[in-house]
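Reading through the structure tokens given below for one structure.
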Amino acid sequence: MPGSSSALHPPAGPPGGQTPILKIEDLHLRFGGLAALAGVGFEVAFGVIQAIIGPNGAGKTCILNCICRFYHPQRGRVIFMGQDISRLPTHAVAGLGIARSFQNIELFKGMTVLDNIKLGRHAHLKSGFLSGGLYLGKARREEMAVRAEIEEKIIDLLEIESIRKKVVGALPYGLQKRVELARALAMKPKLLLLDEPMAGMNLEETEDMARFILDINQEWGVTVVLIEHDMGVVMDISDDVVVLDFGTKIAQGPPAAVARNPHVIQAYLGADDAAHSKLGV
Amino acid sequence: AEEIPVGGIFDITGATSKVGADYAKGVRAACDYVNSLGGVNGRMINLESADYAYAIPKALNLYKKYVNVNKVFVIQGWGTGDTNALTPKLKKDEVIFMSASYDANLTNPANNPYNFFIGTDYSTSIRLAMQFAKDNGAKKVLFCYPDHPYGRAPIAAGKEYAQMLGLEIGPDEMVDLTATDATQQLLRMKKFAPDYVWLGGTTPSCAVVIKGAASILPEAKFLINCWGFDSNLPLLAQGAAEGRAFGILPVVPYGADVPGMKAMMAWTKGEPHTLHFVKGWVSVLVMAEGLKRAGDKLSGPGLKAALETLTDFETGGLCAPITYTSTDHRPNTTCGIGAIKDGKVVVLVGKVSMPREAKYIGN
Amino acid sequence: MPCGLFFETYEKDEAIFQTTFLRVAMAAFAVLLLAFPFFSDWLSGLTNLYWLGIMTHICIFVLGAQGLNLLTGFTGQISLGHGAFMAVGAFTAGVLHMDLGWNFLLAILAGGLMAAALGMIFGVPSLRLRGLYLAIATLAAQIIIIWLLRGVFEAGAVEVSDATLFGFSFDTDQRKYYLCLFFAALGTLYLKNLMRTRTGRAFVAVRDRYLSAEVIGVNLFKYRILSFGISSFMVGLAGGLWAFTENAVTDEAFGVALSVKYLAYIIVGGLGQVTGAIFGVTFLELLHWLLEVPTDALSRIFPNIFEKLASLREIVFGLIVIVFLIFEPDGLSARWRTIRSYWKLWPFSY
Amino acid sequence: MENLFGLIITGLAIGSVYALVAMGFALIYKSTSIINFAQGEFVLVGGYVALWLYTDLRGLAFEALAQARPEVFAALSPAGWQLVVVAAAFLLTIVAGLVMVLALERLILRPMIGEPIISVIMVTIALATVLKGLVTLIWETQIRNFDPPIFQQQDGLRLGVITLPGVYLWIFFFAALFLVSFALFFKFTRVGVSMRAVAADQQVAQSMGISVKTVFAISWSIGAVVAVVGGMLVGNINGVNIELSHFGLTVFPAVILGGLESVGGAIIGGLVIGLVQYLGPELVGQAVALYNRAFDAALVTPGNLEAVLPFVVLIAILMVRPYGLFGIKEIERV
Amino acid sequence: MALLSVNNIEVIYDDVILVLKGLSLEVEEGAIVALLGANGAGKTTTLKAISGLLKTEEGEVTDGAIVFDGQRINDLEPEKIVRRGVFQVMEGRRVFVDLTARENLIAAAHTQKCTRRQLDERIEQVYAYFPRLKERQNGLAGYLSGGEQQMLVIGRGMMARPRLMMLDEPSLGLSPLLVGEIFEIIARLNRELGTTILLVEQNARMALNIASHGYIMENGKIVLDDTTEKLKNNEDVKRFYLGVGEEGQKRSYRQVKHYKRRKRWLS
Ligand SMILES: Nc1ncnc2c1ncn2[C@@H]1O[C@H](COP(=O)(O)OP(=O)(O)OP(=O)(O)O)[C@@H](O)[C@H]1O
Ligand SMILES: Nc1ncnc2c1ncn2[C@@H]1O[C@H](COP(=O)(O)OP(=O)(O)OP(=O)(O)O)[C@@H](O)[C@H]1O
Ligand SMILES: [Mg+2]
Ligand SMILES: [Mg+2]
């Protein structure tokens with residue numbers, strides 16, 4: 001329910017949603033002889049859950065890396081809320097409201113959960129090395145405000161109260177994934193990029209994660225780009241699916257239609273239904 | 001009777017320990033020797049010695065310990081590093097510091113009232129060396145030294161004096177204390193073709209230069225400051241030093257035929273030592289004489305006053321007679337010049353000296 | 001959890017000393033430090049060492065080591081150039097005070113800033129270099145700076161008079177000790193605070209995983225350089241204090257050996273822990289000096305093996321450090337944390 | 001200018017000394033990710049042990065032999081015996097180096113497996129103190145030299161006015177020998193891959209049955225052998241003294257320049273640093289002279305340039321190639 | 001007698017954290033056994049205890065025994081255990097990032113005394129299973145995509161030809177097509193080479209399909225163990241691991257209720 005009073009962030013962008021929140025135009029990315037992306041383009045509408053699927057090595061993660069300006073494509077543009085971000089430095093992208101989680105967990109292993117999440121807020125905080133070191137007045141109030149907000153909104157939503165003082169490195173995989181999501185949420189995202197958030201989770205946790213993503217999308221109005229190999233999840237929660245293979249888009253459409261596409265079945269899904277999802281079919 | 005506490009700051013294991021250890025042995029042996037003769041005015045010298053491994057912070061703390069805990073008023077020190085770091089404190093605490101850094105800067109009591117040492121200061125040495133070169137027909141000289149306070153200290157004085165003597169001076173060269181080769185410096189020197197080269201390094205680096213010069217600068221001769229000239233030089237230079245290397249000898253080599261050596265030889269039972277041992281030994285003899293003259297005024301100023309009464313004090317020929325005055329702490333302006341003969345250090349000229357000119361005090 | 005800690009406010013939860021035990025312990029420690037000069041003579045008589053001087057040096061090195069820990073422990077950039085940065089601080093402070101007559105406080109601040117500036121210049125390669133490559137690039141800083149000091153400025157030795165502030169002169173060892181203690185405490189507090197706010201977290205993020213830090217919005221370049229800046233400022237400040245406590249600055253005091261020693265302090269103490277620098281400096285300095293006691297005693301009994309004893313002392317020192325690292329590879333502060341967490345839950349450990 | 005050739009050759013010769021010492025670093029780093037700060041002390045130990053065997057033990061051995069079996073003693077000419085002694089000292093030094101490092105491995109390095117790299121590096125720093133202490137304890141600190149020198153001055157290489165002492169040719173030879181043997185060793189065994197695997201991830205390597213201990217032992221042994229041989233050779237240039245260990249620091253630019261994990265790189269790095277030390281000051285001197293002439297200035301070339309130029313060049317090269325010439329670029333990927 | 005039997009082991013991390021609390025399981029020679037459980041239940045810890053890798057962390061087996069092929073292996077070094085034929089394919093795509101894909105495979109054959117030819121053949125075999133790896137064989141493993149790294153990790157296990165292969169979440173991050181294939185490959189390894197398999201999986205349906213026996217663990221203990229046939233029909237397993245709804249039909253992720261559903265067999 002967009003606009004609900006409990007929303008942490010008001011839904012961003014025009015209510016009509018005519019202009020897409022994210023527009024990828026003709027991305028080309030080469031590594032030596034390997035074309036990781038060969039002219040991919042698609043749009044992501046405001047407020048949707050957009051899935052990207054495709055075989056291993058198809059270039060899904062590369063797209064996210066291009067959006068975050070971590071990879072620099074040889075050709076093509078990335079347009080976020082009407083602004084061309086193809087020239088920005090990596091760290092500036094975060095300030096615009098693009099947050100992501102990573103395929104191989106990229107948490108700060110030696111820090112506590114709380115510190116990891118606080119770090120997500122980095123781009124939105126003000127204190128510098130002088131005021132911070134003195135820890136008086138503004139810097140202190142700012143810290144306290146962040147702490148309160150993280151505790152009351154994010155940690156509460158993701159149900160990780162009990163581990164917030166733990167050092168991230170020793171947590172089980174599934175919880176680390178959740179902390180990563182929490183950190184991304186702390187970035188006040190308008191667009192949330194999730195790279196295989198359900199990988200390595202059992203059914204129950206996958207269900208939890210799906211619920212969180214839906215909540216974030218529906219209640220907070222955050223647009224989500226979701227890369228996931230669990231087709232059950234993709235089918236159930238996404239609004240639109242892009243299918244990649246060898247760096248090109250081979251299909252796009254509503255989940256049900258995509259799943260019937262013979263190209264997609266041949267390149268990606270295979271015949272064995274049981275392999276599609278942890279969830280019983 | 002009461003003991004006289006004396007501090008000792010030595011380098012036994014550090015970077016300069018290759019000469020520092022033997023110097024320390026000299027100091028320690030001499031203290032024992034003095035005590036064996038009944039001490040000073042019946043008081044035994046109690047030497048508190050410690051190794052500072054050429055680490056300045058450690059020297060500083062050792063100093064503070066000696067002054068505050070052991071209540072010493074005289075310290076046998078070692079190198080440029082500790083001496084420079086301690087100098088301001090000495091003035092404040094009125095503590096006598098006898099080091100092996102013979103920097104001329106320390107001989108001016110106006111600036112450094114509590115510093116004393118027994119060797120010919122580096123600036124006087126370099127002047128004597130220039131004089132020696134001039135007397136032996138040199139026209140062109142050049143200065144080669146390490147980029148280190150010890151190396152740099154006398155260079156200005158040397159140049160000024162060489163100029164006065166009408167010698168032509170070539171561009172300076174620097175050879176590191178740990179160098180294993182000096183070809184490029186020698187090649188540059190070759191362009192100037194000096195007759196004499198001043199070497200202000202330590203024995204290993206001087207040996208490197210002299211060895212390389214055998215083929216590059218065969219004509220040149222070398223004048224070596226006191227820490228670069230000892231019995232190791234001929235061994236390291238492998239024959240290249242024969243007849244071409246001349247060194248400043250502030251003290252006589254161990255085993256030289258002078259009266260003062262007998263006691264030393266007897267005390268050390270003939271076990272061979274380097275020149276540096278002798279330096280340490282003499283430093284204590286001079287201190288002991290000062291203490292003796294100070295009588296009951298056992299304090300920094302007391303010892304200072306006593307040392308400043310030394311006039312032509314004889315150390316049994318171990319070094320030139322020593323004189324300190326309240327305005328001039330140069331021990332003497334005389335030293336020996338050594339040469340290498342048959343792989344041994346020999347005394348070439350027993351005494352070269354120059355007048356004690358007031359304008360050279362402290363520089 | 002029956003025996004955890006619960007806090008009513010976030011404020012309390014974020015406090016530095018969270019339990020009564022800790023607060024009491026810290027207060028006791030502070031009193032001990034403040035009262036130290038009053039029983040140091042007694043200690044000195046006992047051990048034939050000058051403890052006030054040793055403690056003063058410990059304070060100065062703690063300040064510098066906190067600086068290096070910020071850079072190496074928290075930001076993950078090893079520096080082998082901190083000896084030289086300290087020299088810059090010391091020389092700058094000394095020369096400004098003596099030649100231009102600057103007040104000592106201004107002079108040491110300027111020394112710190114000068115060191116910070118140089119630190120930042122030599123930190124620029126950190127933009128591209130990692131790990132040991134960066135470490136050796138900072139070793140280059142060490143060599144080049146000392147070369148410049150020696151060769152170009154012919155700095156040699158500079159004498160510095162005592163520090164005075166509003167007519168009060170820090171001229172006795174006791175006063176110098178308090179001065180250095182004050183700055184060490186200030187530096188420690190600053191670091192502790194810094195590390196629990198935005199900037200500090202960014203440093204740690206850069207250390208742990210600079211790639212994801214960047215994606216989160218941390219400007220890598222800025223924080224890498226900033227870390228060099230603050231770190232060399234602190235060590236430069238330590239240099240300034242050195243100038244005013246020892247009244248002399250010589251380049252020989254700040255060689256590569258000092259840089260390596262700084263690194264040793266924080267590794268032995270515990271990288272990335274504010275207590276690490278304190279523990280490390282204290283442990284290594286105490287070990288070093290306490291070994292002097294048996295060496296000294298033995299060399300009185302066996303004067304002939306004085307030299308051997310000096311070598312032995314070095315060997316024992318090295319061996320103790322090695323054995324210590326084998327048993328406590330994460331440094332002393334790791335042990336301290338274990339003890340602390342034990343006390344937190346006391347009497348219900350486990 | 002006429003000396004340029006001589007400078008280049010000498011630069012390369014000095015460079016080969018660095019190369020030899022640097023190689024040990026690279027070998028150890030390659031499989032353990034540890035920079036061994038005690039490498040310079042290995043050199044020191046090598047120098048002293050060789051000297052002791054060669055100078056002190058020789059006399060004793062000869063005496064014993066001449067007494068026990070005079071006929072054997074007479075069978076060889078003094079020159080022949082000299083050769084035997086050199087060879088024996090050489091081999092025994094290597095053995096001593098191996099014994100030392102295997103003991104170190106067993107007692108110190110093995111317990112540190114799996115601990116933070118920086119702590120292990122710290123251990124090597126402490127180890128340096130211990131080794132230095134041992135050397136001063138056993139042999140005291142005085143300067144000593146090989147007497148008679150093993151690699152005589154006269155069989156050096158004459159290049160115009162410059163004579164390159166024979167010992168440099170030997171160093172050159174050994175550097176090449178080691179390089180070739182390592183290249184073959186890594187080519188024909190799978191040890192190279194195992195070493196790099198251990199460096200990359202000790203735990204995973206263990207999960208594949210690679211014994212981290214064995215790999216550590218192998219690489220430390222090789223590293224130590226290279227170092228003690230280096231010490232023996234370097235000790236012949238200008239005698240041994242306690243400062244022989246400074247090589248540990250002076251070769252850092254060479255190691256880094258070549259790229260930490262590359263043995264070949266260490267050699268190239270060493271040679272480049274040697275050249276920089278020998279050509280750099282010359283070039284700077286010429287540049288200053290040109291400037292002086294052009295602007296009628298009187299600048300002096302700063303002294304001791306050869307001490308700083310390697311580091312200046314190092315930083316410059318690292319800015320272009322952050323992993324040295326042949327080092328492995330760290331994977332940057334999310 | 002079982003090839004592997006784990007008797008009542010206890011594992012403690014950092015001297016304080018008790019993770020396995022008396023866990024026992026058995027794996028018959030030639031069988032495929034599945035080990036299922038929630039995150040943090042201690043599955044990985046169990047495998048590490050068996051392979052000895054626990055010793056490389058701050059973990060310790062404090063009680064119980066692990067017997068492989070009739071011999072106790074608790075106290076052996078990990079490399080010795082590998083030599084006896086136990087190989088753990090670690091979770092989390094732990095490839096050697098600085099080595100090429102091919103070198104990763106070579107490293108895995110460390111314990112195998114095989115000639116260069118045989119080595120090449122084995123590598124080709126792996127490539128036959130994962131053609132994508134062949135294309136990327138000379139690329140540094142660190143630059144492979146997540147799925148490619150996963151293939152490589154499994155390929156390494158194949159290179160070692162162990163008697164007992166322990167796979168920790170092999171299907172993680174693979175495309176559905178490959179997930180199907182991976183399980184087929186596992187079954188084939190078991191069938192053709194006779195490799196005994198201990199499989200930790202989150203994709204319970206696939207795991208139970210190819211395994212003959214299954215263990216379910218919670219909180220460091222085995223709470224349920226049976227043949228897979230029976231497990232598949234167990235109501236709790238169906239509900240919490242296989243995702244079959246109350247009435248036996250498909251559940252949807254959208255319908256997940258907004259309250260915490262925590263059901264544990266114990267506690
Ligand atoms: N930095 C890089 N250097 C070289 N090759 C790369 C790099 N990054 C990615 N690649 C290659 O590009 C291709 C696409 O990689 P990408 O990570 O985008 O795949 P993906 O679609 O996310 O696959 P998966 O589902 O397995 O994670 C892969 O073949 C990968 O090996
Ligand atoms: N090195 C470690 N130090 C401390 N605790 C650890 C360590 N490794 C794991 N743990 C703890 O042990 C418990 C079990 O972890 P383990 O990795 O075995 O679970 P798992 O069942 O494999 O979970 P997942 O499905 O997430 O892989 C977890 O609570 C974890 O926090
Ligand atoms: Mg991917
Ligand atoms: Mg696991």
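Values reported hereafter were calculated over all heavy atoms of this structure, with side chains retained and with hydrogens, waters and symmetry mates removed. Below, chain A is the first sequence line, B the second, and so on; all start at residue 1.
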Honestly, the part of A:A267 sitting under 4.5 Å from a heavy atom of chain E is backbone

So, the part of A:I237 with a heavy atom under 4.5 Å from chain E: the answer is both

Would you call E:M90 and E:V95 a side-chain contact if the rule is heavy atoms closer than 4.5 Å? no

Under 4.5 Å to a heavy atom of chain A? For E:E57 that would be neither

Discussion item. Check for me whether the distance between the ring centres of A:F31 and A:Y71 falls short of 6.0 Å.
Written reply: yes

So, the part of E:D14 with a heavy atom under 4.5 Å from chain A: the answer is neither

One should read off an interatomic distance between E:M151 CE and E:E148 CD, to the nearest 0.5 angstrom, of 6.0 Å

If one checks every heavy atom of A:I53 against chain E at 4.5 Å, the contacting part turns out to be neither

Under 3.5 Å, is there a donor on one side chain and an acceptor on the other for E:N203 and E:S171? no

Between E:Y127 and E:Q137, is there a side-chain donor-acceptor contact under 3.5 Å, judged purely by atom types and distance?
yes

Here the gap from A:L192 atom CG to A:R100 atom CZ, rounded to the nearest 0.5 Å, amounts to 11.0 Å

| query | Does a side chain donor of either E:N138 or E:R102 reach within less than 3.5 Å of an acceptor in the other side chain? | reply | no

(message) Could you check whether E:T44 and E:D168, counting side-chain N and O atoms only, form a donor-acceptor pair closer than 3.5 Å?
(response) yes

Okay, A:Q266 and chain E: the region with an atom under 4.5 Å from a heavy atom over there is backbone

Go through the side-chain N and O atoms of A:T61 and A:D195 and say whether any donor and acceptor fall under 3.5 Å apart.
-> yes

By residue number, those in residues 180-189 of chain E with heavy atoms under 4.5 Å from heavy atoms of chain A are E:G180

**Q.** Modelled atom types, side-chain donor and acceptor of E:N39 and A:R178, under 3.5 Å
**A.** no

Highest number of heavy-atom pairs under 4.5 Å with chain A among E:A41, E:G92, E:G146, E:G139 belongs to E:G146

Ranked by heavy-atom pairs below 4.5 Å to chain E, first place among A:L214, A:V233, A:I105, A:I265 goes to A:V233

Of A:V225, A:I63, A:I227, A:V224, the one forming a side chain to side chain contact (heavy atoms under 4.5 Å, CB included) with A:L193 is A:V225

Okay, E:L178 and chain A: the region with an atom under 4.5 Å from a heavy atom over there is side chain

Item to complete: Determine whether the side chains of A:D240 and A:Q252 contain a donor N or O and an acceptor N or O closer than 3.5 Å.
Response: yes

### Message
Does either side chain, that of E:D225 or that of E:H213, offer a donor lying less than 3.5 Å from an acceptor on the other one?
### Response
yes

Residue from A:G270, A:G200, A:A271, A:A199 scoring the most non-hydrogen pairs under 4.5 Å with chain E is A:G200

Cut-off 4.5 Å, heavy atoms of chain A, and the answer for E:L177 is both

Honestly, the part of A:E196 sitting under 4.5 Å from a heavy atom of chain E is side chain

Looking only at E:E169, E:E91, E:R132, most heavy-atom pairs under 4.5 Å shared with chain A are made by E:R132

Most contact-rich option vs chain A, by heavy-atom pairs under 4.5 angstrom, among E:G173, E:G37, E:P176, is E:P176

